[in-house]
Amino acid sequence: GKTMVVNYLTDWILATGDETIPPLCVELVLRDGNNYYLHSFVSYEEGNESLVLRIWDLSTFTDNDLEELKISLNKISSRPQLNTADTIHPKLDWARLRLYLSDIAYCVERHDRLWPEQERPHLGFKPK
């Protein structure tokens with residue numbers, strides 16, 4: 001039921017720790033229809049199930065800016081490079097999002113070649 005989904009979501013978000021998630025990799029879709037890309041986890045208050053998250057602020061991005069960002073992201077080879085957003089794209093920045101767990105409709109986790117190897121899901125057949 002709903003509780004299981006919320007617990008799974010909480011556990012998953014908490015498991016991201018303070019690591020920076022690459023832009024465009026984890027999309028949070030809210031019940032009000034808004035969507036944001038997760039940057040990193042800040043805090044969770046269990047008492048009222050509220051979260052503070054950092055999100056990638058793409059509010060000023062044009063379609064062309066997004067294409068430039070994708071090209072730039074393909075040149076990144078390690079997670080620490082994500083900590084200097086403006087070197088990835090001049091408009092790239094982050095913001096804080098305060099919300100309740102119940103505000104989140106679902107998350108989409110896209111493939112990221114920079115996830116730590118042990119955390120990366122294995123697709124298809126595993127080599128022997």
Side-chain angles (χ1 to χ4, degrees):
K2 182 181 175 188
T3 306
M4 186 176 80
V5 172
V6 169
N7 289 343
Y8 172 78
L9 188 60
T10 308
D11 293 345
W12 184 83
I13 288 176
L14 294 176
T16 63
D18 60 357
E19 188 154 7
T20 302
I21 311 280
L24 310 177
C25 284
V26 177
E27 184 178 10
L28 297 170
V29 181
L30 305 189
R31 294 193 187 284
D32 66 7
N34 287 312
N35 66 311
Y36 303 97
Y37 290 101
L38 184 62
H39 173 290
S40 55
F41 168 80
V42 178
S43 65
Y44 172 60
E45 191 172 318
E46 196 170 354
N48 64 6
E49 294 197 323
S50 64
L51 290 164
V52 178
L53 303 172
R54 284 185 196 92
I55 54 167
W56 290 105
D57 184 3
L58 306 178
S59 59
T60 63
F61 271 58
T62 63
D63 289 345
N64 191 49
D65 290 332
L66 278 174
E67 290 308 310
E68 289 173 0
L69 175 61
K70 290 175 189 176
I71 291 167
S72 184
L73 287 172
N74 281 321
K75 296 175 185 172
I76 291 177
S77 58
S78 69
R79 286 285 180 103
Q81 290 175 278
L82 297 169
N83 296 331
T84 50
D86 59 335
T87 62
I88 300 168
H89 191 283
K91 287 186 179 179
L92 189 60
D93 204 351
W94 60 268
R96 284 183 190 253
L97 177 65
R98 292 169 176 83
L99 72 166
Y100 293 99
L101 268 176
S102 59
D103 293 332
I104 303 172
Y106 59 91
C107 292
V108 180
E109 182 182 354
R110 293 178 173 85
H111 173 72
D112 168 27
R113 60 189 165 71
L114 297 180
W115 278 129
E117 188 67 41
Q118 64 275 16
E119 301 294 327
R120 192 178 305 160
H122 291 278
L123 303 175
F125 297 101
K126 291 184 183 179
K128 290 183 178 181

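Start at 1 with the first residue, then count along the sequence.
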Quick one: pull up [atom1] in [X] and [atom2] in [Y] and give me the separation to the nearest 0.5 Å.
| X | Y | atom1 | atom2 | value |
| --- | --- | --- | --- | --- |
| Leu53 | Arg98 | CG | CZ | 10.5 Å |
| Leu69 | Lys91 | CG | NZ | 11.5 Å |
| Leu58 | Tyr36 | CG | OH | 11.5 Å |
| Asp32 | Leu99 | CG | CG | 9.5 Å |
| Leu97 | Leu30 | CG | CG | 6.5 Å |
| Asn35 | Ile104 | CG | CD1 | 12.5 Å |

Work out which heavy atom in [X] is nearest to a heavy atom in [Y]; give both atom names and the distance.
| X | Y | answer |
| --- | --- | --- |
| Leu24 | Tyr37 | CA-CD2, 3.4 Å |
| Pro23 | Leu92 | CG-CD2, 4.0 Å |
| Trp56 | Leu82 | CH2-O, 3.8 Å |

Apply side chain to side chain contact (heavy atoms under 4.5 Å, CB included) to Ser50 and list each qualifying residue two or more places apart in sequence or on a separate chain.
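Partners of Ser50 by the side chain to side chain contact (heavy atoms under 4.5 Å, CB included) criterion, ordered by chain and then number, come out as Glu45, Asn48, Tyr100.
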
What residues form a side chain to side chain contact (heavy atoms under 4.5 Å, CB included) with Tyr44, not counting sequence neighbours?
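Here the qualifying residues are Thr10, Leu14, Phe41, Glu46, Glu49, Leu51, Leu101.
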
Give a yes or no on whether the backbone of Ile88 and the side-chain of Ser72 come within a donor-acceptor separation of less than 3.5 Å.
yes

With distance as the sole test, does Arg79 use its side chain to make a donor-acceptor pair with the main-chain N or O of Thr20 at under 3.5 Å?
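Here the side-chain-to-backbone pair exists.
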
ring-ring contact (aromatic ring centres under 6.0 Å, His included): which pairs involve residues 71-91, sequence neighbours left out?
Phe61-His89

Given Glu109 and Val26, is the side chain to side chain contact (heavy atoms under 4.5 Å, CB included) satisfied, shown in steps?
CA-CA 5 Å; Glu109 182 182 354; Val26 177; 4.2 Å; yes

Applying side chain to side chain donor-acceptor pair (under 3.5 Å) to Asn64 and Thr62, what does each step give before you reach the verdict?
CA-CA 5 Å; Asn64 191 49; Thr62 63; 5.2 Å; no

